Number of protein chains: 2
Amino acid sequence: MTRRPSAPVTLTEVARRAGVSVATASKALNARPDVAPQTRTRVLAVAEELSFQPNALARGLLSGSSRTVGLLTDELAGRFAIPVLLGVENALGDGEMSVLLCDARGDAVRRRQHIRTLLARQVDGLIVLGDRNDVRASLAGDIPVPVVYAYGQSDDPGDLSVVADDVGGARLAAEHLLALGRRRIAHITGEEGYRAARDRAAGLLAVLDAAGLPLAGGRPSYGAWSQRWGRQATRMLLAADPGVDALFCGSDQIAYGAIDALHDLGRRVPDDVAVIGYDNWEIFATESRPPLSTVDLDLERLGATAARHLIAALEGERRTGVVRHPGRLVVRDSTAPG
Amino acid sequence: MTRRPSAPVTLTEVARRAGVSVATASKALNARPDVAPQTRTRVLAVAEELSFQPNALARGLLSGSSRTVGLLTDELAGRFAIPVLLGVENALGDGEMSVLLCDARGDAVRRRQHIRTLLARQVDGLIVLGDRNDVRASLAGDIPVPVVYAYGQSDDPGDLSVVADDVGGARLAAEHLLALGRRRIAHITGEEGYRAARDRAAGLLAVLDAAGLPLAGGRPSYGAWSQRWGRQATRMLLAADPGVDALFCGSDQIAYGAIDALHDLGRRVPDDVAVIGYDNWEIFATESRPPLSTVDLDLERLGATAARHLIAALEGERRTGVVRHPGRLVVRDSTAPG
DNA sequence: TTGTATGCGTTATCAT
DNA sequence: ATGATAACGCATACAA
């Protein structure tokens, strides 16, 4: 090993050691046709020995493409950003792309600053990760690279947004409850200000309507995305309508609280009341008693989809509108047939 | 607005419009001394109008520094990586640094691959984010840039690691319980294979020893990091030793389960049994009944500390060893005095 | 004070 | 088949 650790190993160095010009070395390494097999092997050997890695900055400067995308999040601390981000990172990594992460923390000024930085770094594209399912303002100012909105939908139909299909997911849950023979289904969910809450309620109501059934309790119990609200709403609901035989909760967290309350009230789950949640958040869904049936948003796949659309856009396939990503029903004991 | 959106705005373009050479334009923008005030204002005005941003690739190529650090995570999906990552991102953002995110997903091959990519991209430094508190193997191979290990500790004392002080955090919790007059304190925690579990137990035992008190139940109840284990262990513990007056749980998740079990057993919290958790994980700590006293790891600050150490290293201040980051006691109703 | 020239590491073009 | 050279965008040493 004659490698001196302090000297950065460049193509020039490889060429020198292989006894060829940089041009030839470059061709050899990039599998260009016009280079003698013997020369090629020699260059490759030297490159391998020095563990040569071409300088991505130089490459990017020349090609105009940095093979980097910016991932701009509103609020990374939230629960939904991470799986999406994971899916994005994974899908892009396969395409030899790297991810520059920027968290705006809900601050518009910081967001603009981040966008400037990302563009200065010559990102090839941008993925904007919403912290909520809601429609959000499109990025102001003309961004010279493709942008894909993930999880949160852009208000500009000229943009491409990849979002979760909450209406469809709720339909899955509702149809599951109906299939179990439940007929007096109530809905406890989070803040009405969230599109996620409204969409899920809409999906449930659509299925109930089609079946000619009313919603138990009259209207959805909108509240907070917390166990506390799940407990409280359940008590109120069962006091008002003791005949409820199923609860569709807007999140697993709420459902966890609901199950606790049912337990306190002496109702058996699922025998007396079936409970289904939403999100497939493991720490709630698998740890409740009994474990929770729920709808998995498949956020990681959603992120991968967004990444793939961005890559397609980079290759010229511009696409606009909203791509809705279906959820997946996960059945556990809280809706076991019986 | 005479800006054509398709033409990338370069320094050459700015210089041309300002009627000066690129050299002068560069000096004007970089606040070099020898440039006429009048010329400077003119250049600045043009740059502003075109919203010129210097190409970071070119700059990096020239300076040898990309002002980018690689953030290498083992497992982003876990609960602890995110806050640390957030702190890192924030602290680096203030220093005009960007973060290249790579998740190895616990795969050594993928990790090496990511390191190669990051080095090819000329990152100035690396932050290695552990998914557990445990000691982990130092990055193999000589990395030509500074590396800081965060959350997970490197096994090489020549590396710099920034980790949470679990022993100290546990001491805080234990001393709090003692100060409330509790004397029969039991410990329910996660898998013994986790250093976090062992360290927290050690901190508690140290405090009890110093006070001449035994651990209720004889030894820590090691199990799983779940509500389920919290419930089960609590039932077992109270059956064996009904006189327990305080539970120190190794995580909020466990504590949440413990409180549920105490509730089922008819024990009042905190009157009969005080409960304290660990992590300050909001969804458990604030949603349990009653809300949970706990120890906050302050992971975001830990991440910021790691970032600052990396920046210091980039400026030449090499430092090695282990920096232990203190936790913070958060008192809520589950240990209210009374 | 301003402009010209050079170089960072790489790839592409054009001679040889 | 190989090599010299230009170019990417910027910053700087040096010349004017």
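These figures come from a predicted structure and were not determined experimentally. Letters A, B, ... are given to chains in the order of the sequence lines, protein chains preceding strands, and every chain is numbered from 1.
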Write down the distance between [atom1] ([X]) and [atom2] ([N]), rounded to a whole number of angstrom.
X: L119(A); N: dG9(D); atom1: CG; atom2: P; answer: 16 Å
X: R16(B); N: dG9(D); atom1: CZ; atom2: P; answer: 14 Å
X: N30(A); N: dA1(D); atom1: CG; atom2: C1'; answer: 17 Å
X: L50(A); N: dG9(C); atom1: CG; atom2: P; answer: 15 Å
X: K27(A); N: dT11(C); atom1: NZ; atom2: P; answer: 12 Å
X: D34(B); N: dT12(D); atom1: CG; atom2: C1'; answer: 11 Å
X: R67(B); N: dC10(D); atom1: CZ; atom2: P; answer: 17 Å

Check your understanding: Under a 4.0 Å heavy-atom cut-off, which of residues 54-62 of chain A touch DNA chain C?
Key -> P54(A), N55(A), A58(A), R59(A), L62(A)
Does OP1 or OP2 of [N] have a side-chain N or O of [X] closer than 4.0 Å?
X: S26(A); N: dT10(C); value: no
X: S21(B); N: dT2(C); value: no
X: R32(B); N: dT12(D); value: yes

Does [X] reach a base, just sugar-phosphate, or nothing at all? Heavy atoms under 4.0 Å.
X: T39(A); result: sugar-phosphate
X: V20(B); result: sugar-phosphate
X: R40(B); result: nothing
X: A23(A); result: base
X: T10(B); result: sugar-phosphate

Review point. Does the pair S98(A) and R121(B) meet the rule for a side-chain hydrogen bond (donor to acceptor under 3.5 Å, both in side chains), with working shown?
Key: CA-CA 9 Å; S98(A) 290; R121(B) 289 180 186 279; 2.8 Å; yes
Point to revise | Reported CZ-to-CG distance for the pair F52(A) and L29(A), which is rounded to 0.5 angstrom | key: 6.0 Å
Practice item. Supply the atom-to-atom distance T39(A) OG1 to D34(A) CG, rounded to the nearest 0.5 angstrom. Key: 11.5 Å
Point to revise | Salt bridge present between D134(A) and R195(A) (N-O < 4.0 angstrom) | key: no
**Study point:** NZ or CZ of R132(B) within 45° of Y194(B) ring axis and under 6.0 Å
**Key:** yes
Check your understanding: Which residue pairs pass the salt bridge (charged side-chain N to carboxylate O under 4.0 Å, His left out) test when at least one of the two sits in residues 309-322 of chain A, sequence neighbours left out?
Key -> none
Check your understanding: Pairs in or reaching into residues 50-78 of chain B: which pass salt bridge (charged side-chain N to carboxylate O under 4.0 Å, His left out), with residues at least two apart or in two chains?
Key -> D74(B)-R111(B), D74(B)-R136(B)
**Study point:** Given DNA chain C, 5'-ward residue of the pair V22(B) and Q53(A), judged by closest heavy atom
**Key:** V22(B)
Revision key, fill the gap. Residue pair L11(A)/V35(B) against DNA chain C: nearer the 5' end by closest nucleotide is V35(B)
